[in-house]
2 protein chains.
Amino acid sequence: MLIRNAKEIGVFVRERRLKLKLSQAELSQRVGVSRLWIVLLEKGKPTAQLGLVLRTLNALGLSLKISESTGSLQPGKIDLDKLLRQRTGKGVL
Amino acid sequence: MLIRNAKEIGVFVRERRLKLKLSQAELSQRVGVSRLWIVLLEKGKPTAQLGLVLRTLNALGLSLKISESTGSLQPGKIDLDKLLRQRTGKGVL
DNA sequence: TGTATATGTAATCGTTCGCTTACTTTTTTG
DNA sequence: CAAAAAAGTAAGCGAACGATTACATATACA
């Protein structure tokens with residue numbers, strides 16, 4: 001499944017945990033975090049620390065694959081201010 | 001590529017950034033973080049916030065896929081203390 | 001070669017993480 | 001139904017995040 005944001009990870013984590021018949025308490029101990037942290041992660045906490053998230057995925061037997069997404073990389077909102085800031089007057093645009 | 005820890009993400013981010021010929025400064029602006037944060041991320045900062053990491057991957061045209069890792073989920077270090085704590089004396093082991 | 005440009009490091013600072021504890025609400029199960 | 005287990009919520013606190021600023025080192029390139 002493609003992951004775009006924290007909420008999607010949260011959903012996936014919860015479903016996997018339930019599939020494994022683990023309680024939040026059980027999982028939290030395996031991962032080494034508080035139960036509250038698991039609650040928040042499953043709710044899609046975007047400020048959760050990367051390392052703890054990865055440990056959680058490992059504990060659940062989930063794996064992450066990273067790859068170049070085919071197609072145009074995030075169109076990248078043209079920001080005139082930025083363009084001007086960039087390298088003053090070297091003929092951008 | 002399989003991602004197991006923060007360092008692996010860091011390496012992948014850096015390689016991708018260079019492939020796109022972006023400076024750390026450019027990337028940091030696109031993502032909306034400080035340049036220092038990019039430096040640390042590329043070094044494998046495990047405490048980086050999940051949301052910022054995902055935004056960075058998007059900005060670089062990278063996508064994450066999550067899936068059940070075939071085989072035995074993380075063997076799960078047998079922790080006697082935990083087993084005992086679990087449900088006292090309901091015949092674990 | 002020297003000079004911009006990119007990258008690495010350090011220190012300070014306000015904000016927020018994640019932990020603990022305690023309590024409530026929901027779900028399970030005997 | 002009653003009791004237990006699981007899950008949600010709140011408050012307080014120390015620790016660490018990420019931003020900013022400043023300077024040092026590397027790399028590019030004219």
Side-chain angles (χ1 to χ4, degrees), chain A residues 5-7 9-60 76 79 81-93, chain B residues 5-60 76 79 81-92:
Chain A
N5 53 53
K7 195 151 288 189
I9 287 192
V11 171
F12 208 89
V13 161
R14 167 173 272 249
E15 287 181 349
R16 176 64 169 170
R17 177 177 63 79
L18 293 176
K19 198 168 297 175
L20 294 178
K21 295 222 167 77
L22 290 174
S23 69
Q24 293 175 339
E26 239 301 293
L27 177 57
S28 70
Q29 289 186 62
R30 290 196 190 184
V31 178
V33 296
S34 70
R35 185 177 65 84
L36 176 55
W37 189 86
I38 297 289
V39 171
L40 297 177
L41 176 65
E42 292 185 350
K43 291 198 134 193
K45 189 172 211 260
T47 59
Q49 297 186 10
L50 177 61
L52 300 181
V53 174
L54 293 178
R55 271 161 52 188
T56 304
L57 297 184
N58 283 337
L60 288 172
D79 180 343
D81 286 340
K82 181 178 56 191
L83 283 178
L84 294 174
R85 242 177 286 124
Q86 206 91 313
R87 4 184 118 228
T88 330
K90 266 202 178 173
V92 190
L93 295 193
Chain B
N5 54 53
K7 195 151 288 188
E8 291 180 358
I9 287 192
V11 172
F12 208 90
V13 162
R14 167 173 271 247
E15 288 182 348
R16 176 63 171 171
R17 175 177 65 79
L18 294 175
K19 198 167 298 175
L20 295 178
K21 296 219 166 78
L22 291 174
S23 69
Q24 294 176 338
E26 238 301 291
L27 177 58
S28 71
Q29 290 186 64
R30 292 196 189 184
V31 178
V33 296
S34 68
R35 186 177 64 84
L36 175 55
W37 189 85
I38 297 289
V39 171
L40 298 177
L41 176 66
E42 292 186 348
K43 290 199 134 192
K45 187 172 212 258
T47 59
Q49 295 187 10
L50 177 61
L52 300 181
V53 174
L54 293 178
R55 271 160 55 188
T56 304
L57 297 184
N58 284 336
L60 289 172
D79 178 343
D81 285 338
K82 181 180 56 189
L83 283 178
L84 292 175
R85 243 177 287 125
Q86 206 91 314
R87 0 186 122 227
T88 331
K90 265 205 177 172
V92 192

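Quick note on labels: first sequence line is chain A, next is B, and so on, each numbered from 1.
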Rounded to whole angstrom units, what separation is found between the [atom1] atom of [X] and the [atom2] atom of [N]?
| X | N | atom1 | atom2 | value |
| --- | --- | --- | --- | --- |
| B:Leu27 | C:dG8 | CG | P | 13 Å |
| B:Leu18 | D:dT27 | CG | P | 13 Å |
| B:Leu41 | C:dT7 | CG | P | 14 Å |
| A:Leu40 | C:dT16 | CG | C1' | 13 Å |
| B:Gln29 | D:dA19 | CD | P | 13 Å |
| A:Leu36 | D:dC13 | CG | P | 17 Å |
| B:Gln24 | D:dA26 | CD | P | 15 Å |
| B:Leu22 | C:dT5 | CG | P | 17 Å |

Can you tell me which nucleotide in [options] comes closest to the side chain of [X]?
| X | options | value |
| --- | --- | --- |
| B:Lys45 | C:dC19, C:dC17, D:dC17 | D:dC17 |
| A:Trp37 | C:dG18, C:dT7, D:dT9 | C:dG18 |
| A:Gln49 | C:dG18, C:dT9, C:dT7 | C:dG18 |

Inset, instruction - Under 4.0 Å between any heavy atoms, over every strand shown, what does A:Lys21 touch: base, sugar-phosphate, or nothing? Just pick one. - result: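 Here A:Lys21 touches no strand at all.
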Inset, instruction - Mind checking B:Ser34 for me? I need base, sugar-phosphate or nothing, with any heavy atom below 4.0 Å counting as a touch. - result: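 Result for B:Ser34 = base.
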Inset, instruction - Kindly say if A:Lys43 contacts the phosphate of D:dA7, meaning a side-chain N or O under 4.0 Å from OP1 or OP2. - result: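 Answer no for this pair, as no side-chain N or O of A:Lys43 is under 4.0 Å from OP1 or OP2.
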Inset, instruction - Using only side-chain N and O atoms of B:Arg14, determine if any of them is under 4.0 Å from OP1 or OP2 of C:dA6. - result: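 For C:dA6, OP1/OP2 do not have a side-chain N/O of B:Arg14 under 4.0 Å.
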Inset, instruction - For A:Val33 and for B:Glu42, find the nucleotide of DNA chain C with the closest heavy atom, then tell me which residue's nucleotide is more 5'. - result: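 Checking each residue's closest nucleotide, the 5'-ward one belongs to B:Glu42.
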Legend entry - Closest-nucleotide ordering on DNA chain C, the 5'-leading residue of B:Val39 and A:Thr47: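 Closer to the 5' end of DNA chain C: B:Val39.
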Inset, instruction - Select from B:Arg35 and B:Leu52 the residue whose nearest nucleotide in DNA chain D is closer to the 5' end of that strand. - result: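 It is B:Leu52 whose nearest nucleotide is closer to the 5' end.
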Legend entry - Considering all heavy atoms, the nearest B:Trp37-B:Thr56 contact: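 In this case the closest contact between B:Trp37 and B:Thr56 is CZ3-OG1, 3.3 Å.
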Inset, instruction - Inspect the contact between A:Glu15 and A:Lys19 and indicate whether a charged nitrogen and a carboxylate oxygen are less than 4.0 angstrom apart. - result: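 A salt bridge is absent here (no side-chain N lies under 4.0 Å from a carboxylate O).
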Any side-chain heavy-atom pair from [X] and [Y] closer than 4.5 angstrom?
| X | Y | value |
| --- | --- | --- |
| B:Gln24 | B:Arg14 | yes |
| B:Arg17 | B:Leu60 | yes |
| B:Ser28 | B:Val33 | yes |

